[in-house]
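Before any comments, here is the structure.
Being a predicted model, the structure only gives us computed values, none of them experimental. Heavy-atom basis, side chains included; hydrogens, waters and symmetry copies ignored.
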Amino acid sequence: MNDVTDQLENMTRDHQFFNIEQGLNSGDPSIQAQAVEQLKQLVDQQHIDSIYALGWCLLNGKGINKDIALAKHYLQQAKDHKHQQATEL
């Protein structure tokens with residue numbers, strides 16, 4: 001891929017992530033669960049903000065059952081990629 005294609009794909013993932021964040025903040029558990037499922041798709045694409053967000057959701061039980069061990073895994077992954085919020089944990 002070339003730089004322009006990579007940039008467009010990154011912008012698309014960032015836009016998807018923005019929409020997912022809105023779902024997570026909706027206050028509706030069913031919408032939050034749908035947002036987490038969409039978040040997992042971005043995690044599979046190694047979207048760093050999504051990796052951190054999934055760890056946070058797992059840690060707090062937002063949209064998904066709490067799983068501290070798995071939360072630590074994702075938060076460490078985000079930290080390894082120098083995600084600012086993860087490095088502050």
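- Atom-to-atom distance recorded for Lys40:NZ and Leu54:CG is 7.0 Å, nearest 0.5 angstrom.
- In summary, of the residues considered (Ile64, Val43, Ile20), a side chain to side chain contact (heavy atoms under 4.5 Å, CB included) with Val36 occurs for Ile64 alone.
- Considering CD of Glu88 and NZ of Lys79, their distance stands at 10.5 Å, rounded to 0.5 Å.
- From Gln41, atom CD reaches atom CD of Gln16 across 8.0 Å, with rounding to the nearest 0.5 Å.
- Here the shortest heavy-atom pairing between Ile51 and Ala78 reads CG2-N, 3.8 Å.
- Minimum heavy-atom separation, Phe17 to Ala53: CE1-CB, 3.8 Å.
- Heavy atoms only, all atoms of each residue included: Gln32 and Gly23 are closest at CG-O, 3.5 Å.
- Linking Ile, Leu, Val, Met, Phe, Trp and Tyr residues whenever their side-chain heavy atoms come within less than 4.5 Å leaves Leu89 and Tyr74 in two separate clusters.
- In this structure, a donor-acceptor pair under 3.5 Å is present between the side chains of Gln76 and Asp80.
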Test side chain to side chain contact (heavy atoms under 4.5 Å, CB included) applied to His47 and Asp14, step by step | CA-CA 8 Å; His47 185 259; Asp14 288 344; 2.9 Å; yes
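- By the 30° and 60° cut-offs, the orientation of the rings of Tyr52 relative to His83 is parallel.
- Interatomic distance, Gln85 CD to Asp49 CG, rounded to the nearest 0.5 Å: 8.0 Å.
- With hydrogens and angles disregarded, a donor-acceptor distance shorter than 3.5 Å links the side chain of His81 to the backbone of Gln77.
- How far CH2 of Trp56 is from CG of Leu39: 11.0 Å, rounded to the nearest 0.5 Å.
- In this structure, Asn25 and Lys62 approach most closely via the heavy-atom pair OD1-NZ, 3.8 Å.
- The number of heavy-atom neighbours closer than 6.0 Å to CG of Asn19, taken from other residues, nucleotides and ligands shown, is above 12.
- Heavy atoms only, all atoms of each residue included: Leu75 and Ala86 are closest at O-CB, 3.8 Å.
- Expressed to the nearest 0.5 Å, how far CD1 of Ile48 lies from CG of Leu42 amounts to 11.0 Å.
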